[in-house]
Amino acid sequence: IYGRPLDLGILLGFSNALEIGILTSVISVIGGVIVGGISGYLGGRVDSGLNWLTLVILVLPALPFLVVLSFVMRPNLFLEALLIAFLSWPFYAIIARSAAQSIKNEVFVEADKVLGIPSYRTFLTHFMPRLTPFAIAYTALGVPAAIILVQTLAFLGLAPYGILTWGTILNSAESNFAAVNGWWWWILFPGIMIILVSIPFVMIGFAIEKAVFGGK
């Protein structure tokens, strides 16, 4: 239809989806684990302040917020990944904070305090290694969420500047009344690709989570 190579668009969309999905997930998980880990470890006023900030960002309506910013700024791929990560990290921070509070009560942490070991060394040697498996599992689980959100924005006509995505193809299909005209392939294949790319990351994330936390 209209001489547009749908297969080429699907292939180009694949690399773009992986790039922004992985980039967004890595940034948001690392940020959330660091903030949540520090908050849970230090406690007190630091914990209260970071927890308040986390909850404030968490309650922001993600999609309307991104729609407004994307419409105003028209960000590139990296900037859009940062915007999505900005709204995503609080979820991981809350879980990391809970894990850090549990680690804080372990005997080896109390031993470090008795021996006068600096807090930053205790955090780096005991907390971060134990939060790493959690970060890996949720990085994998975060990729599909980022991909779906980016494709949703693209479908609404807010794709990153100069980037072809499956959401852009679906937006074009909707604009040209593909469903009404019976051009089912224009809708089906981009939609299937979003699902097919998301499923492996979900399975990997749940497998890692089960292997690390299943027995606890």
Side-chain angles (χ1 to χ4, degrees), residues 13-43 46-47 50-51 53-55 57-58 60 62 66 77-109 112 117 119-153 160 165-166 193-216:
F14 179 75
S15 60
N16 293 332
L18 286 181
E19 183 177 358
I20 195 168
I22 294 174
L23 181 62
T24 300
S25 185
V26 168
I27 294 173
S28 58
V29 171
I30 291 177
V33 168
I34 292 175
V35 172
I38 292 174
S39 177
Y41 171 56
L42 294 180
V46 174
D47 180 37
L50 290 177
N51 194 43
L53 176 64
T54 299
L55 294 176
I57 298 177
L58 188 65
L60 290 175
L66 288 172
L77 186 146
F78 181 71
L79 183 54
E80 184 167 65
L82 288 178
L83 291 175
I84 297 174
F86 171 73
L87 295 174
S88 303
W89 70 263
F91 170 76
Y92 307 108
I94 290 174
I95 302 175
R97 174 177 176 266
S98 177
Q101 288 175 331
S102 176
I103 298 171
K104 186 178 180 180
N105 297 322
E106 297 288 348
V107 176
F108 49 77
V109 177
D112 279 5
I117 295 176
S119 297
Y120 74 90
R121 286 187 58 187
T122 300
F123 181 76
L124 293 176
T125 57
H126 292 310
F127 282 75
M128 290 308 296
R130 287 167 175 78
L131 291 174
T132 298
F134 153 84
I136 295 174
Y138 281 93
T139 297
L141 290 171
V143 172
I147 290 175
I148 292 172
L149 187 52
V150 170
Q151 305 309 322
T152 301
L153 290 172
T165 67
W166 298 321
M193 287 303 300
I194 295 173
I195 297 172
L196 291 180
V197 170
S198 299
I199 288 176
F201 287 100
V202 173
M203 295 178 66
I204 292 171
F206 280 130
I208 296 174
E209 185 182 39
K210 184 177 180 181
V212 175
F213 305 109
K216 297 184 179 181

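Applying the side-chain hydrogen bond (donor to acceptor under 3.5 Å, both in side chains) test to T165 and every residue at least two apart in sequence or in another chain returns T168. The ring pair (Phe, Tyr, Trp, His ring centres under 6.0 Å) search around F86 returns none, not counting sequence neighbours. Residues meeting the side-chain hydrogen bond (donor to acceptor under 3.5 Å, both in side chains) test with T139, sequence neighbours left out: none. In terms of the side chain to side chain contact (heavy atoms under 4.5 Å, CB included) criterion, residue partners of A135 (sequence neighbours excluded) are, by chain and number, V29, V33. For N16, there are no side-chain hydrogen bond (donor to acceptor under 3.5 Å, both in side chains) partners two or more places apart in sequence or in a different chain. Annotation: side chain to side chain contact (heavy atoms under 4.5 Å, CB included) contacts of F206 (sequence neighbours excluded): L141, V202, E209. Under the side chain to side chain contact (heavy atoms under 4.5 Å, CB included) criterion, A146 pairs with T24, not counting sequence neighbours. Judged as a side chain to side chain contact (heavy atoms under 4.5 Å, CB included), and not counting sequence neighbours, the contacts of L50 are V35, I38, S39, V46.
Nearest heavy-atom pair across R130 and P133 is O-CD, 3.7 Å. Closest approach of G36 to A100, counting heavy atoms only: O-CB, 4.2 Å. Listed here is the closest heavy atom pair of L131 and A99: CD2-CB, 3.7 Å. Across G37 and A96, no two heavy atoms sit closer than the pair N-CB, 4.1 Å. Contact between A17 and Q151 at its shortest, heavy atoms only, is CB-NE2, 3.9 Å.
You'll find the side chain of F14 stays beyond 4.5 Å of the side chain of L196, heavy atoms only.
Each salt bridge (charged side-chain N to carboxylate O under 4.0 Å, His left out) pair with one or both residues in residues 79-92, not counting sequence neighbours, would appear here, but there are none. Sorted by first and then second residue, the salt bridge (charged side-chain N to carboxylate O under 4.0 Å, His left out) pairs with a member in residues 90-101 read D47-R97; sequence neighbours excluded.
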Run W89 and I57 through side-chain contact (heavy atoms from CB on, under 4.5 Å) and show every step you take.
CA-CA 9 Å; W89 70 263; I57 298 177; 3.4 Å; yes
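We find the CG-CG distance between L66 and L149 to be 5.5 Å, quoted to the nearest 0.5 Å. The CZ atom of F127 sits 13.0 Å away from atom OG1 of T132, with the distance rounded to the nearest 0.5 Å. Going from atom CG of L79 over to atom CD1 of I84 covers 10.0 Å, rounded to the nearest 0.5 Å. Note: I148 CD1 to I194 CD1 = 7.5 Å, rounded to the nearest 0.5 Å. If you take CE on M128 and OG1 on T122, they are separated by 14.0 Å, rounding to the nearest 0.5 Å. Remark: L82 CG to I27 CD1 distance equals 4.5 Å, nearest 0.5 Å.
Using a 30° and 60° split on the angle between ring planes, Y138 and Y92 fall in the perpendicular class, above 60°.
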